[in-house]
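Since the structure is predicted, the reported quantities are computational estimates derived from the model, not experimental observations.
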Amino acid sequence: MSSNEFLNNYDKRIIKEIMNIMIPENEEIAAAGNNRLIGRLEKLFFDSELHINSIKKILNAINLNTDARLSGSFFSLNKEKKIEILKSLEKNMFDDFHILKECIFGTYYSDDEVIKKIGWDNDFINKTEFGEYTLKPNLLDKVKKISPFWRKI
């Protein structure tokens, strides 16, 4: 299944919103979703059926969420309610949510602008001559050390 078949524009908007909640803007860098990283996320992770299936399960759970349905959509909810839904998904769909987080943080911390702003070296990214990216395993070790600050928002 290609990413074009998997994500419709509504799904992309939800992922972008989740990215913005999990990695909000700061003085120097736009929020992850506003940083136009959805295309990179697709390139990095959507060749993997495991990643696609987990993200699809999370998107389905958001779309089926009672609060989101009663308000019209996930986007109609206030930020606190969106975070509450994400916390619930993390608790009740831990493995799938962990994979979603891996995709989001892996995408964000592989962006050249982000790497430059935070002063990381980019030795954790393998770039092929064709412009494709693969992540070295130590990226996820670095990301795991990050406090889940998005929950405090």
Contacts of Glu25 that satisfy salt bridge (charged side-chain N to carboxylate O under 4.0 Å, His left out) - sequence neighbours left out: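 Salt bridge (charged side-chain N to carboxylate O under 4.0 Å, His left out) list for Glu25, sorted by chain: empty.
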With the side chain counted from C-beta on, respond yes when [X] and [Y] share a heavy-atom pair under 4.5 Å apart, and no when they do not.
X	Y	answer
Lys16	Leu37	no
Tyr109	Ile115	no
Ile52	Phe45	no
Phe94	Leu89	no
Asn78	Lys82	no
Asp95	Ser54	no

Qualifying ring-ring contact (aromatic ring centres under 6.0 Å, His included) pairs, either residue in residues 62-81, two or more places apart: Tyr10-Phe75
Any side-chain donor near an acceptor of the partner, Glu90 and His98, under 3.5 Å: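 No donor-acceptor contact under 3.5 Å links the two side chains.
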Would you confirm whether [X], through its side chain, and [Y], through its main-chain N or O, come within 3.5 Å as a donor-acceptor pair?
X	Y	result
Thr107	Cys103	yes
Asp96	Lys57	no
Ser76	Ser71	yes
Ser88	Glu84	no

Intermediate values then yes/no, side-chain contact (heavy atoms from CB on, under 4.5 Å), Leu59 and Ile15: CA-CA 8 Å; Leu59 291 171; Ile15 291 174; 4.1 Å; yes
Single-linkage hydrophobic cluster Ile14~Met22, side-chain heavy atoms < 4.5 angstrom: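 They do share one cluster, since a chain of ILVMFWY contacts under 4.5 Å joins Ile14 to Met22.
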Closest non-hydrogen atom pair, Met19 against Ile104: CG-CG1, 3.8 Å
